[in-house]
Amino acid sequence: MKKNIYSLFAFILIPVFTFSQTDDDNVIINSGIETYDFNRTDEQVTITKSSDTEYIATKKSDVIYVAEFYNQQSELKEADVDGSSASPSYTHLTDDEIFYSDNKVCYYELPFKYKDKKIKVQFKKTYKDPRYFSSVYLSETLFIKSKTIKFNVPDWIEIEFIEKNFNGNITKNIIKKDGKNSSMTEYIYTINNQKAIKIEPNMQGRSYIYPHLMVRIRSAKLKNKTERYFDSLDDQYAWYKKIVATTQNDEQLIKDKSDEIVAGCTTDWDKIAKLLAWTQNNIRYIAFEDGMAAFKPDEAQEVIRKKYGDCKGMANLLTQLLVAQGYDARLTWVGTNHIAYDYSTPSLIVDNHMICTLYYKGNTYFLDPTVDYLLPGEISSTIQGRQALVYNEDKYILERIPELSPSFNNDSLACEYKIENGKLAGKATYNYSGESKFNILSIYHNTPIDKRELMLKVFFEKNNVLNKMNNIDISGLNDNAKTVRIQFDVENQSTIQHVNNEYYLGLDMDKDINELTIDTLKRENNFLFAYKHSIIRNITLLIPQDYAISYKPANFVIDKPNYYFSIDYTFDNNKVVYHKKIVIKKQLINKSDFRDWNKDIRSFNEAFLEQIVLTKK
Amino acid sequence: MKRLFFTLITFLLFAVFTFADDYETRAKAVRDTVWNWDMPMFKNRTIPDSYSKESAVVIAQYEEVNASGKSKLRFFTTLAFNKELYYTSIIRKLVKINDKSALEAFSEFSFTESKKILGFNSTNTLSTYIGARIIKSDGSIKEVNVNEAVKVSENKKGTEGYKKLAIPDLQVGDILDYFVQKDFKIDNENVPQEYFIFSGRYPILDYKVHVELNKKLTAEYRSINNAPDFVKTEIDDVINLDAEQQNIAKMEMVVWTAPYRQVPLIRLNISKQRVKIHLQTIFRP
């Protein structure tokens, strides 16, 4: 019985601990109400959002920023504050990532001068087009003690609320209200003790994690007509198609440019690879998000003139360059792995990227000119496994972008060491392909010329003065190289010790993932690798004739569904061959697997630190 | 009444358009003037081979400061004469882009076209004009249309803010020729301190500084850390200060660099008050 009481007690505590305020939460949302009202004119539906939020400092004085965002498709009507003399500030949202965006923010800088200080903030804004009213988040960057979100839905609008990442702390009530001429349905969501949104490195996008509603406005009865919005994917495609039709490409100019680029290419494949590489190398990626321009690709001739463009402009240019050579290339809309949705729920939030799809000799190639150095057939992890909405005149084609295996991203080392003057000396050869190639080339090309040798030395000498690399030779820097090879002479003194008549040595300087344990107390979100890694290290040691092996480390292997780690040794009289393999089979480590992951990393690190002992004969 | 209202609106609109037109006219005039400078340093296209492994090379760099002032009767706390400062600074650079890193560094500009700071019975104004040209490897010159810059607003009505320009058609191997000119009219403050830095992230083949000051102003300057010194000449009411240096090596700024102790520079202060110390209105502490 006592055990049952404890179990019951623990059961009651779980939800409290799961959603309770943490030590990091000082200013919290004490209470709030957010109301959405739907209005119609003869031509359009508008949605008015009214929010009234009370903030409170629970422990100490603090300063927070409270903001409301708006853009060309929405209008901020009111901003007011109660309990503070702060004035609102208005600015465009722009940063190093996005060159220009029509997104604007109205924000208050609110000082909470003492504990229990309360400040209320009200905003009112209107969405001018229901297509842009696509999601409502039920979590914020502050802990929410209590908040209500209410949708007053009239009977003339057909709407669907799709609940995402809901937990037990959110309740829903639906109340029907019948009037004389029309009826109304209230959808009321009550949120209690909702943890704050926390941004961490290597996390998934917020749509995977935090509770929110996908709002689908299918249609609305206006005065003289029924307006269909995104009732189906056909509607969304038709809307996209109408926008891209406004892009007027100069076919002759594109043809001339395309001919100039492929001059000298003898095969179709050379031409395709050359056109992709030219777009990757000559067009700078600059993100523009400006009203309808956020959906309309820039004209191909403009992108050529400016030598910069966003994903739409670059995808359109590559498509036109390929079409000019007679290939079947299409504009394609994609939602990257940053967002949790696919095209089964038509909405403007299900995609965020544009690429080019090429149908060639019965095969489908997904070409992303915003990702440098990848060849046709090589695909960035950000779009692998995602749905692709391919342009196809009146009826789109829905494709699935394939997932590539970790071996596509090979990162390997082959090295043969001798012991010379108490150091491990030899020649090292690193090979990189796929996204490993993308990584090394991005670092290389983004490093100023005069600092590249230093960068390579720091990288390969592991920032340790005991190691030296010389005579660096790099191949594969050109457009069409599948593999980048970096070769150099290496002197490794950091993993070898000579004591009396014995050598204690490790052969591997690459720690790779050895220190990648996850802080289970602090980390809140799943951990997402940038791509599926495949790391192989083959290192041979030629044993001096007057020495013999006196200690052989054991082999080690861990094979889990999501990852594989192994270290193998092969010994004979003359040499030792060390073989390390790390494969990240799946990009995501779930929070529930953190403990196992940490345990496996520690075991792997112990095996890695094992040393071979050579004793003088 | 209605007519008066429309007249007022028309007048205000006219004022806005005129202001905008004034800016465009002045900007065009500035660009025409700068591009027509007859300065051999900006015609040089030859870069010694020893600089081929540099991320970028500044082939030519020229800075000019022009300051004058006039007295104006104003009421602050009492009725008194106050001196308005007219101050123009311009920097022009000719830069060879050798790699992607330099391309990124020189491919975007931010600037505030015009800014007014209102004070009590006084107004300080700042106008910034920029120009850019790309010199391709075949010698052809393409002028950048700076009107392609987008505006980033920083207030509710979008009347204040700055502009961002992504330089079109700029590629590795090109030479970028650009300038930034700032015109100040300052009612009740001194001009900000100027530093002419004879060093930088990239090597500089030829660097010249020219300062023109009206004798009614006072200037104080100091050349430190082995920077060249100004050569002073006087023509009528104007005092000229000139300095130049060639083949300036790049300098790495690292966390332990103490700029004021290590970087060769000339620091220049211009005061609108005439200080009659010793014999000159120019003096060096």
Side-chain angles (χ1 to χ4, degrees), chain A residues 70 72 75-79 87-96 98-107 278 280-291 293 298 302-310 313 372-373 441-455 477, chain B residues 47 50-57 95-110 132 134 136 142-145 148-174 176 200-203 249-254:
Chain A
Y70 57 106
Q72 287 184 23
E75 188 179 352
L76 188 69
K77 298 279 191 184
E78 290 174 25
S87 299
S89 297
Y90 301 82
T91 186
H92 259 109
L93 274 181
T94 175
D95 57 25
D96 290 342
I98 299 173
F99 180 76
Y100 181 77
S101 164
D102 68 328
N103 284 319
K104 292 180 182 176
V105 61
C106 166
Y107 66 92
W278 187 89
Q280 289 166 331
N281 295 338
N282 290 279
I283 308 299
R284 280 181 284 135
Y285 172 76
I286 291 183
F288 266 90
E289 295 176 0
D290 186 16
D298 203 359
E302 269 296 281
V303 178
I304 288 176
R305 180 186 71 80
K306 293 189 286 195
K307 301 288 189 306
Y308 64 76
D310 62 9
D372 292 347
Y373 319 119
L441 284 182
S442 296
I443 294 168
Y444 184 82
H445 286 294
N446 287 315
T447 302
I449 297 176
D450 53 332
K451 291 189 164 48
R452 282 181 190 162
E453 190 169 335
L454 177 67
M455 179 273 292
L477 296 174
Chain B
I47 300 168
S50 54
Y51 293 112
S52 63
K53 291 270 173 151
E54 298 294 344
S55 178
V57 180
V95 186
K96 172 81 189 300
I97 310 286
N98 281 340
D99 65 16
K100 198 174 173 183
S101 160
L103 179 68
E104 291 294 323
F106 288 98
S107 61
E108 292 176 15
F109 286 84
S110 296
I134 296 165
K136 293 287 180 185
K142 295 181 175 180
E143 180 157 4
V144 173
N145 178 8
E148 285 188 20
V150 290
K151 186 170 181 185
V152 178
S153 70
E154 289 183 306
N155 67 349
K156 189 177 182 181
K157 292 175 181 171
T159 50
E160 287 178 16
Y162 63 96
K163 285 195 162 181
K164 288 177 86 175
L165 175 66
I167 303 284
D169 200 23
L170 185 64
Q171 293 178 292
V172 172
D174 292 344
L176 178 67
R201 162 68 186 89
Y202 307 108
K250 68 183 174 188
M251 186 170 183
E252 299 292 336
M253 298 291 281
V254 286

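These figures come from a predicted structure and were not determined experimentally. Residue numbers start from 1 in every chain, and the chains themselves are labelled A, B, ... in the order their sequence lines are given, proteins ahead of strands.
A salt bridge links A:Asp372 with B:Lys100; the closest basic N to acidic carboxylate O contact falls under 4.0 Å.
Partners of B:Glu108 by salt bridge (Lys or Arg N to Asp or Glu O under 4.0 Å), not counting sequence neighbours: none found. The salt bridge (Lys or Arg N to Asp or Glu O under 4.0 Å) check on B:Glu104 picks up nothing, with sequence neighbours excluded.
A cation-pi geometry, defined here as NZ or CZ lying under 6.0 Å from the six-membered ring centre and within 45° of its normal, holds between B:Lys164 and A:Phe99.
Summarising the geometry of A:Asp450 relative to B:Glu252, their closest heavy-atom pair is OD2-OE2, 4.3 Å, with the distance given to 0.1 Å. Looking at every heavy atom in both residues, B:Asn98 comes nearest to A:Ile449 through O-CD1, 3.5 Å. Closest approach of A:Thr447 and B:Asp99 over heavy atoms only: O-OD2, 4.1 Å. Listed here is the closest heavy atom pair of B:Ser153 and A:His92: N-ND1, 2.8 Å.
Options A:Ser89, A:Pro448, A:Pro88 differ in how many heavy-atom pairs under 4.5 Å they form with chain B, and the most are formed by A:Pro448. Ranking B:Ala166, B:Ser55, B:Ala105 against chain A, the residue ahead of the rest is B:Ala166, based on heavy-atom pairs under 4.5 Å. Ranked by heavy-atom pairs shorter than 4.5 Å toward chain A, the options B:Leu170, B:Val172, B:Ile167, B:Val144 are led by B:Ile167.
Heavy atoms of B:Gln171 lying under 4.5 Å from chain A belong exclusively to its side chain. Only the backbone of B:Leu165 comes within less than 4.5 Å of a heavy atom of chain A; no side-chain atom from C-beta onward does. Of the atoms belonging to B:Tyr51, not a single heavy atom falls under 4.5 Å from chain A. Interface remark: A:Ser101 contributes no atoms to any contact with chain B (heavy atom separation under 4.5 Å).
For the atom pair OG1 (A:Thr91) and NZ (B:Lys156), the distance works out to 15.0 Å, reported to the nearest 0.5 Å. Note that NZ of A:Lys451 is 14.5 Å distant from NZ of B:Lys53, once rounded to the nearest 0.5 Å. Annotation: the span from A:Tyr100 atom OH to B:Lys151 atom NZ amounts to 10.0 Å, rounded to 0.5 Å. Atoms NZ and OG, from A:Lys307 and B:Ser107 in turn, are 14.0 Å apart once rounded to the nearest 0.5 Å.
The environment of B:Glu148 atom CD is dense: over 12 non-hydrogen atoms of other residues, nucleotides or ligands sit within 6.0 angstrom.
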